[in-house]
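All remarks here apply to the structure that follows.
In each ligand, atom 1 is the first atom listed, and ligand 1 is the first ligand listed. Here the structure is a predicted model, which is why all the values come from computation and not from measurement.
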Amino acid sequence: MADLLTLDRRDDGVAVITLANGKVNALSQTLLRELHEAADELAADLPGAVVITGGERIFAAGADISEFGGQDEAGPITAAFHGTLEALAALPRFVIASVSGYALGGGCELALACDYRIAGPRAVFGQPEILLGIIPGGGGTQRLARLVGPSRAKELCLTGRQVKADEALTIGLADEVTEDDPMARALALAAEVAKGPLVAQAITKRVVDAGLSGSLADGLALEREGFVEVFGTEDSRTGVASFLEHGPGKATFAGR
Ligand code: COA
């Protein structure tokens, strides 16, 4: 039973995780554990897609700084972040972050662990750890660099500068910026994806993610394997037959 977040499964196949840890959604050890449990629950009974959101003004303000101590505390904190965010990132479904306010430190890292970030007009991203004399410990140095490139990631992590929605979009940190509440767009996109060929989506995500951590040749080998694997699915037969009979985009998929 989670106290610091809610996990709702909607009728359209979309699962929504909403962080609810007080005013700033600090990612305390307890919230990280609940988030890990939510990821495990979703992995055991997969939805069609996932949306993660936080508060309207603050998506999440990062690690709970009041839990910081010395080096003895630092190890478990970074381990909890990595374990939890990896469990979310590894879900074989499209995971969307709906960010309407501040996503700072671990909050930004949570958004980075998602597959796609939809920002509202007042969203603010940043890795301000350096202002505390420390470094990101929830994957920020790695995922941010892969997303926006090493030089921009270093500039952001070395200065702690905050990035507003429009700049986030320009540098590729946000994938879309909405005119108002990003949740409506996140839910609509997730619902659309949830109706798709879910095994093909899972293979796509796996191949993109695994390919990015290796060489191009290794990535292409993974794609070849995935391409053969996907032809074993019912949805591939449905999709190809529907195209030949009715044209593009008409198939109804079973998700198998
Ligand atoms: N961990 C623990 N407590 C935090 C926190 C965090 N990451 N972020 C904010 N808080 C606390 C503040 O200390 C304050 O506590 P108080 O009410 O007991 O004084 C309360 O939350 C509200 O914060 P405040 O700064 O007054 O709110 P704000 O609306 O002016 O600003 C933020 C909100 C998120 C922009 C600002 O709090 C902030 O920059 N937080 C730190 C972000 C950060 O450095 N994260 C990386 C952590 S390594």
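- Checked by distance only, ligand 1 and Ala61 come closer than 3.5 Å through their nitrogen or oxygen atoms.
- Counting protein heavy atoms under 4.0 angstrom from atom 28 (P) of ligand 1 gives one or more.
- At a threshold of 4.5 Å between non-hydrogen side-chain atoms, the residues Leu32 and His36 do not count as touching.
- Under the 4.0 angstrom criterion, atom 16 (P) of ligand 1 counts as lacking any protein heavy-atom contact.
- Residue nearest to atom 7 (N) of ligand 1, selected from Gly62, Ala26, Ala63, Cys108: Ala63 (by heavy-atom distance).
- Asp64 OD1, 4.4 Å is the protein heavy atom nearest to atom 3 (N) of ligand 1.
- For Asp64 (side chain) and Ala26 (main-chain N/O), no donor-acceptor pair under 3.5 Å exists by modelled atom type.
- When distances from atom 47 (C) of ligand 1 to the protein are checked, a heavy atom turns up under 4.0 Å.
- Residues Leu156 and Arg152 meet the side-chain proximity criterion, which asks for heavy atoms closer than 4.5 Å.
- Checking only distances, Ile65 does come within under 3.5 Å of ligand 1, N or O to N or O.
- For Leu131, no heavy-atom contact with ligand 1 is shorter than 4.0 Å.
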Item to check | Trace of the side-chain hydrogen bond (donor to acceptor under 3.5 Å, both in side chains) decision for Glu176 with Tyr116 | outcome: CA-CA 9 Å; Glu176 292 184 32; Tyr116 199 77; 2.7 Å; yes

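- Atoms of ligand 1 found under 4.0 Å from any heavy atom of Lys23 (numbered from 1 in listed order, with element): 17 (O).
- Here the closest non-hydrogen pair linking Arg143 and Leu112 is CD-O, 3.6 Å.
- The shortest separation from a heavy atom of Arg57 to ligand 1 is under 4.0 Å, placing the residue in contact.
- Regarding atom 39 (O) of ligand 1, its nearest protein heavy-atom neighbour is Leu104 CD1, 3.7 Å.
- A donor-acceptor distance shorter than 3.5 angstrom exists from the side chain of Glu67 to the backbone of Gln29, with no hydrogens or angles considered.
- By the definition of a contact as any protein heavy atom under 4.0 Å away, atom 36 (C) of ligand 1 is not in contact.
- For atom 44 (O) of ligand 1, the nearest protein heavy atom lies under 4.0 Å away.
- Interface atoms of ligand 1 facing Glu129, defined by a heavy-atom separation under 4.0 Å, are 48 (S).
- Between Ser98 and Ile52 the shortest side-chain heavy-atom distance does not fall below 4.5 Å.
- A pairwise comparison of heavy atoms in Ile96 and Ile118 identifies CG2-CD1, 3.9 Å as the closest pair.
- Counting protein heavy atoms under 4.0 angstrom from atom 24 (P) of ligand 1 gives zero.
- Put simply, the side chain of His82 does not reach to within 4.5 Å of the side chain of Gln142, judged on heavy atoms.
- For the side chain to side chain contact (heavy atoms under 4.5 Å, CB included) with Glu109, the qualifying choice from Leu27, Leu104, Leu85 is Leu85, the only one to do so.
- What sits closest to atom 33 (C) of ligand 1 on the protein, heavy atoms only, is Ile58 CD1, 3.8 Å.
- When non-hydrogen atoms are compared, ligand 1 lies under 4.0 Å from the side chain of Val24 (C-beta onward) but not from its backbone.
- Electrostatic pairing of Asp166 and Lys164 does not count as a salt bridge here, judged by no charged N lying under 4.0 Å from a carboxylate O.
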